[in-house]
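Take a look at the structure set out below.
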Amino acid sequence: MGLEEGSTKKHTGFCESGKCSVVIFVLVAIGIAVVACVTFLFPAVRTTVPPTETPTTTLTWWQTTIIYQVYPRSFRDSNGDGVGDLKGVIEKLSYFNDLGVGAVWLSPFFTSPMRDFGYDVSNYTEVDKIFGNMADFDELIRTAHEKDIKIIIDFVPNHTSNESTWFKDSRNSMDQYKDFYIWNAGKTLPNGTHVAPNKWISVFEGSSWTWDDVRKEYYYHAFLDSQPDLNYRNPAVRAAMKDVLRFWLNKGVDGFRIDAIPHLFEHVDLSLEERPGMSDAFDPDRYKYTKNQPEIFDVVREWREVLNQYEGERFLVAETVGIPQEERQKYYEAGSVPFFFDLIPVARGSRGCPNTLAQCYLTRIIDGMNLKGAQWPNFVIGNHDNRRIADRIGQEYADAMNMMLLTLPGTPTSYYGEELGMRGGNYTGFQPKDPFAITSNNPNNSRDSERNPMQWSNTVNAGFMDGTGEPWLKITANTEYPRVNVEEEGKVNGSSLQLYKELAQLRARPGFRSTHIEHPEIFGEVLTYIRGVDVDKYLVALNLGLVGFRLDITQIGYSQGTVVFATNFSRKNTIIQLASFHLQRGEGLVIKL
Ligand code: GLC
């Protein structure tokens, strides 16, 4: 107490003597000089990230949630037949609550001959019996909503199965369905040989035209010959597909993921040839006349209008693989959110990544945020068509990759199992199940690996199914499951799963709900950026390189921070001096500034 009095007195006396204003003047002058020097020596990191920040108050559910993709075949098998099902998803609904995930996207569960594992639908308004029945779906949606989980379902508009009644009627030229598909006679040579209308090739390789002996014409298919493309220049097709949307909206679904949308139309002039060569989904020119045709957006708009007739905000997210930037804008303008896939092909040394991994990600993150006005970013790092992160980038980077996904602005989409750092199945030596591998006769094209069953526990079959039956894709192909599974990771502090849950909570903070990102930068192979607002700011630092790296990041204007989340649990709650801190390879930190 005495000391306080003394110091106050001394201070008052100093100012009273008239020296106070001189000192303040000198201090201000020094301050200005220091700021000028610092600015000169360390120019502010220039970023092309647009400064737009959507006010948190206007955000809707799909902007504040993580979307979690469930591939129902592989998630949880409730009846022991080796294939996951809707009841299995119902059993696991609380898991999504535990994870902090508010929306689940279900890959197709509709009636299908399963040539492309459900992406070949023969009846859009039925549940395939392998997945259960409509009562299961009704229960799923009801219980999910009770638990505050939104359900997004797959909508496969580009093509049906060749076993759909629509196609059967069309090949028989039945009135209403006659023009439901893209039919063309092609040419018939004098010797009777049939020649396709052009050399367009399917995504799954081989000609995209198949001769139909019933109708005596070719039909067009962007994918398998068992997936004939619908004809969207026929208003009856458009009406029928809108009815499909209404059917599921009436059941209460919260949104749709639109499958293969860039393929919806083909150029009317069938004499136009595309660049020959192998298919490459990320090469837009490769499909100059069979992808990204302008009519797509009228259809998307029509779908959006259908959704808008329903109460609440219904979500449309589009599978826009290999689209140019201008096309993304058009998807937004038409009322959908185009998945931003450009982070997926990034892999060390891959064609899409000539520079370091960190540099590749940074460039693409900035691209992903290059949006107009209130257009909302989204990031995706994995799905059922691409190798799992642990295989693509490396298992020791899996946590850092989740840290990146969950701390970036916008809506993240996670693929089941990635929260565990799960590897894909190693099915070398097994006959591939994926039709892409089969039609292209190339096991490297197989998507079986990433579709491996979810690992719930260390019991037989990893808790994917009970009993000792055989899952549709073996679990034994992945020897790590006794350690990498929900039950075990749930008990271990610092596991991938625990980190994922913590990051999911972090996203709920207001600063993570804006599209604001500061100082996106690279130090060696360390990717850094700052998220948050005002006094609630976080530095994210991810070492995506092959070696450890020490960095000085004081130019961001902070000298130290506290580690709040770390891929290496022992670093949690430690103080970091930003002038010199080290990250091991694959290490990621979220540092509260
Ligand atoms: C989409 C799906 C993929 C499927 C293809 C054909 O790209 O994601 O799994 O094979 O469409 O439907």
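Indexing begins at 1, ligand by ligand and atom by atom, following the structure's order. Numbers here simply count residues along the sequence, with the first being 1.
Both the sub-6.0 Å distance and the 45° axial angle are satisfied by Arg348 relative to the ring of Tyr397.
Each of Trp303, Phe155, Phe256, Trp62 was compared with Phe315 under the ring-ring contact (aromatic ring centres under 6.0 Å, His included) criterion, and only Trp62 meets it.
Note: Trp183 and Phe167 meet the aromatic proximity criterion, with ring centroids under 6.0 Å apart.
Applying the 6.0 Å contact sphere to CG of Asp269 captures more than 12 heavy atoms from other residues, nucleotides or ligands.
Among protein residues, Asp116, Tyr119, His159, Phe204, Phe223, Gln227, Arg257, Asp259, Glu319, His384, Asp385, Arg447, Arg451 come within 4.0 Å of ligand 1, judged on heavy atoms.
A side-chain N or O of Tyr119 and one of Ser107 form a donor-acceptor pair less than 3.5 Å apart. A donor-acceptor contact closer than 3.5 angstrom is absent between the side chains of Trp376 and Asn378.
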